Visitor: 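Structure in C-alpha cells, see below.
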Amino acid sequence: MSAEKLSFEDFQPGRRFALGPKPVTTEEIIEFASEFDPQPMHLDEAAGRASILGGLAASGWHTSSMFMRMMADSYVLHSLCEGAPGVDLMEWRKPVLAGDTLSGHSTVLEARPMRSRPGMGIVKFRHEVENQRGELVCVSENSVMFGMRARPADIGINPETSA
C-alpha cells in the first residue's frame with residue numbers, strides 16, 4: 001500500500017477488504033475472559049466442553065475485539081478514519097474455539113458525504129468472519145466516518161450554504 005492513506009473516495013460500494021488470518025490461542029481466550037467476561041466456558045477447557053459451546057470458547061466480545069483488530073490491520077489504520085457512530089448489527093453465529101483461525105472480509109454497502117460534517121463521508125460496511133472450516137462465526141454491520149481527499153473548500157463548495 002502506498003504512503004497515501006485511504007480516504008472516503010476510496011470506499012466505493014462493492015469494494016471488499018480482506019481480514020485476517022488471526023489464530024486464536026487458549027492463552028488469549030483465558031486472558032481476555034479473566035478480565036472482561038469471566039464465565040466458566042471462557043476460562044476452563046472442561047467447562048467449555050460441558051457447555052453448548054463444545055470447548056474453550058472466546059467470549060463474543062473477544063470475537064468482536066479480534067474482528068476489530070483485523071479491520072484495523074486491513075484498512076482502518078491505513079485510512080483517514082474518524083471513528084464510528086455505532087454498530088447496527090453484531091451477531092455471533094458459531095463459537096470461536098481455542099485453535100481456530102479467523103479470516104473474512106469487510107464489504108462497502110454504501111457511501112455518502114456527510115452534510116453535518118463537510119469534508120467527511122460516512123461508509124456503511126458488512127463484515128463477515130469465518131473460522132478455518134469456512135463456518136461463519138461473526139457478522140456485523142456498521143457505519144464509519146472517513147475524511148475526504150478533496151475538502152469542500154478545495155472543490156468550491158461553501159459549507160455554510162450547502163444543504
Side-chain angles (χ1 to χ4, degrees), residues 1-8 10-11 15-112 114 116-117 120-148:
M1 181 174 294
S2 72
E4 185 173 326
K5 297 216 176 217
L6 296 169
S7 66
F8 168 75
D10 296 310
F11 293 93
R15 184 166 183 185
R16 284 173 57 141
F17 295 87
L19 304 174
K22 166 66 176 97
V24 183
T25 68
T26 297
E27 296 76 21
E28 74 178 299
I29 289 174
I30 293 170
E31 183 179 341
F32 185 95
S34 294
E35 186 166 354
F36 300 109
D37 192 354
Q39 297 181 72
M41 68 285 239
H42 306 315
L43 294 169
D44 179 74
E45 179 69 41
R49 275 194 311 277
S51 77
I52 64 171
L53 301 177
L56 182 66
S59 161
W61 299 112
H62 185 191
T63 299
S64 296
S65 296
M66 290 185 284
F67 149 64
M68 179 66 220
R69 182 57 196 238
M70 290 189 293
M71 267 194 332
D73 291 343
S74 178
Y75 57 91
V76 171
L77 296 176
H78 311 288
S79 72
L80 300 177
C81 179
E82 294 286 342
V87 175
D88 301 316
L89 172 74
M90 177 61 72
E91 295 179 352
W92 304 310
R93 300 273 182 95
K94 284 199 172 282
V96 172
L97 302 175
D100 280 352
T101 299
L102 304 179
S103 62
H105 59 271
S106 295
T107 304
V108 176
L109 299 178
E110 58 188 61
R112 64 176 173 77
M114 295 178 69
S116 63
R117 295 190 182 269
M120 291 182 62
I122 194 153
V123 178
K124 184 169 185 177
F125 290 92
R126 178 174 176 90
H127 317 280
E128 297 183 352
V129 178
E130 301 176 336
N131 61 25
Q132 69 280 3
R133 292 178 297 283
E135 298 168 329
L136 196 58
V137 298
C138 179
V139 175
S140 181
E141 290 186 6
N142 74 304
S143 296
V144 179
M145 299 174 289
F146 293 96
M148 295 179 174

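It should be emphasised that the depicted structure is a prediction, and the values quoted were computed from it without experimental measurement.
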Visitor: Show your working on salt bridge (Lys or Arg N to Asp or Glu O under 4.0 Å) between R126 and E128 and close with a plain yes or no.
Guide: CA-CA 7 Å; R126 178 174 176 90; E128 297 183 352; 3.0 Å; yes

Visitor: Taking the side chain as every heavy atom from C-beta outward, state whether L56 and L97 have any atom pair closer than 4.5 Å.
Guide: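 A side-chain contact is absent here, since even the closest heavy-atom pair is not under 4.5 Å.
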
Visitor: Not counting sequence neighbours, which residues clear ring-ring contact (aromatic ring centres under 6.0 Å, His included) with H127? List them please.
Guide: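 Scan of H127 (ring-ring contact (aromatic ring centres under 6.0 Å, His included), adjacent residues dropped) gives F67, F125.
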
Visitor: What is the distance from atom OG of S106 to atom CZ of F11, rounded to the nearest 0.5 Å?
Guide: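 Rounded to the nearest 0.5 Å, the OG-CZ separation comes out at 9.5 Å.
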
Visitor: Knowing that exactly one of D10, N142, V108 qualifies, which makes a side chain to side chain contact (heavy atoms under 4.5 Å, CB included) with V123?
Guide: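 That would be V108.
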
Visitor: What's the spacing between S7 OG and M120 CE if we round to 0.5 Å?
Guide: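 The CE atom of M120 is 12.0 Å from OG of S7, to the nearest 0.5 Å.
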
Visitor: Looking at T101, is its backbone amide N or carbonyl O close enough to the side chain of Q132 to form a donor-acceptor pair, meaning the two atoms are under 3.5 Å apart?
Guide: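 Yes, the answer is positive, given that a donor and an acceptor are paired below the 3.5 Å cut-off.
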
Visitor: Ignoring hydrogens, what is the shortest heavy-atom contact between H78 and A72? Give both atom names and the distance.
Guide: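 Minimum heavy-atom contact is CD2-O, 4.4 Å.
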
Visitor: Take F17 and V76 through the side chain to side chain contact (heavy atoms under 4.5 Å, CB included) test and state the conclusion after the steps.
Guide: CA-CA 10 Å; F17 295 87; V76 171; over 6 Å; no

Visitor: Shortest non-hydrogen contact from G48 to S51?
Guide: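 The pair with the smallest heavy-atom distance is O-OG, 2.7 Å.
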
Visitor: Closer than 3.5 angstrom, by distance alone: can the side chain of W92 be matched with the main-chain N or O of C138 as a donor-acceptor pair?
Guide: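 Not a single qualifying donor-acceptor pair exists.
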
Visitor: Does a side-chain heavy-atom distance below 4.5 Å link S34 with L43?
Guide: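 Heavy-atom side-chain distance check passes, below 4.5 Å.
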
Visitor: Specify the closest pair of heavy atoms between A47 and P40, including all atoms of both residues, with the distance to one decimal.
Guide: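 Heavy-atom minimum between the residues: CB-O, 3.5 Å.
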
Visitor: Return the minimal non-hydrogen interatomic distance between K5 and S79, and the atom names on each side.
Guide: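 Scanning both residues completely, I find the closest heavy atoms to be CD-O, 3.4 Å.
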
Visitor: Mind checking the CG-CD1 spacing from D44 to I30? Nearest 0.5 Å is all I need.
Guide: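 Nearest 0.5 Å value for the CG-CD1 distance: 7.5 Å.
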
Visitor: Evaluate the side-chain proximity of D37 to H42: yes if any heavy-atom separation is below 4.5 Å, no if none is.
Guide: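 When only atoms from C-beta onward are counted, D37 and H42 do touch, with a gap below 4.5 Å.
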
Visitor: Any sub-3.5 Å donor-acceptor pair from K94's side-chain atoms to L53's backbone N or O?
Guide: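 Checking the backbone N and O of L53 against the side chain of K94, no donor-acceptor pair under 3.5 Å is found.
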
Visitor: What I'd like to find out is whether the side chain of K22 reaches to under 4.5 Å of the side chain of R69, using heavy atoms alone.
Guide: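 SC-SC contact between K22 and R69 ruled out.
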
Visitor: Could you tell me whether a side-chain N or O of H62 sits under 3.5 Å from a main-chain N or O of F32, the two making a donor and an acceptor?
Guide: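 No: the side chain of H62 does not pair with the backbone of F32.
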
Visitor: Stepwise, does the side chain to side chain contact (heavy atoms under 4.5 Å, CB included) test hold for I122 with V144?
Guide: CA-CA 6 Å; I122 194 153; V144 179; over 6 Å; no

Visitor: Which heavy atom in S143 sits nearest to a heavy atom in A84, and how many Å separate them?
Guide: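 Scanning both residues completely, I find the closest heavy atoms to be O-CB, 3.2 Å.
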
Visitor: Output, in order, the C-alpha distance, side-chain angles, deciding distance and verdict of side chain to side chain contact (heavy atoms under 4.5 Å, CB included) for V139 and R93.
Guide: CA-CA 7 Å; V139 175; R93 300 273 182 95; 3.8 Å; yes

Visitor: Using 0.5 Å steps for rounding, measure from the CE atom of M90 to the OG1 atom of T63.
Guide: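 Here the rounded value is 9.0 Å.
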
Visitor: Determine, step by step, whether M41 and I52 satisfy the side chain to side chain contact (heavy atoms under 4.5 Å, CB included) criterion, reporting the C-alpha distance in whole Å, the side-chain angles of both residues, the deciding distance to 0.1 Å, and the verdict.
Guide: CA-CA 9 Å; M41 68 285 239; I52 64 171; over 6 Å; no

Visitor: Passes salt bridge (Lys or Arg N to Asp or Glu O under 4.0 Å), D100 versus R133? Steps please.
Guide: CA-CA 9 Å; D100 280 352; R133 292 178 297 283; 3.8 Å; yes

Visitor: Strictly distance-based, threshold 3.5 Å: is any side-chain N or O of S74 a donor or acceptor partner for the main-chain N or O of M71?
Guide: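 Not at all, since once roles are kept as given, no pair shorter than 3.5 Å links the two residues.
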
Visitor: What's the separation between atom CD in E45 and atom CD1 in I29, rounded to the nearest 0.5 Å?
Guide: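 The CD1 atom of I29 is 8.5 Å from CD of E45, to the nearest 0.5 Å.
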
Visitor: Would a 4.5 Å heavy-atom cut-off, applied to side chains only, mark M70 and L102 as touching?
Guide: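 M70 reaches L102 side chain to side chain.
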
Visitor: Treating S140 as the side-chain partner and L89 as the backbone partner, does any N or O pair qualify as donor plus acceptor under 3.5 Å?
Guide: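 Yes, because the side chain of S140 sits within donor-acceptor range (under 3.5 Å) of the backbone of L89.
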
Visitor: Measure the NZ-CD distance between K124 and E141 for me, rounded to the nearest 0.5 Å.
Guide: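 Going from the NZ atom of K124 to the CD atom of E141 covers 5.0 Å.
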
Visitor: Within the distance-only criterion (no hydrogens, no angle test), does the side chain of S65 pair as donor or acceptor with the backbone N or O of W61 below 3.5 angstrom?
Guide: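 Confirmed, S65 side chain pairs with W61 backbone.
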
Visitor: Centroid-to-centroid, Y75 to F146, below 6.0 Å?
Guide: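 No.
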
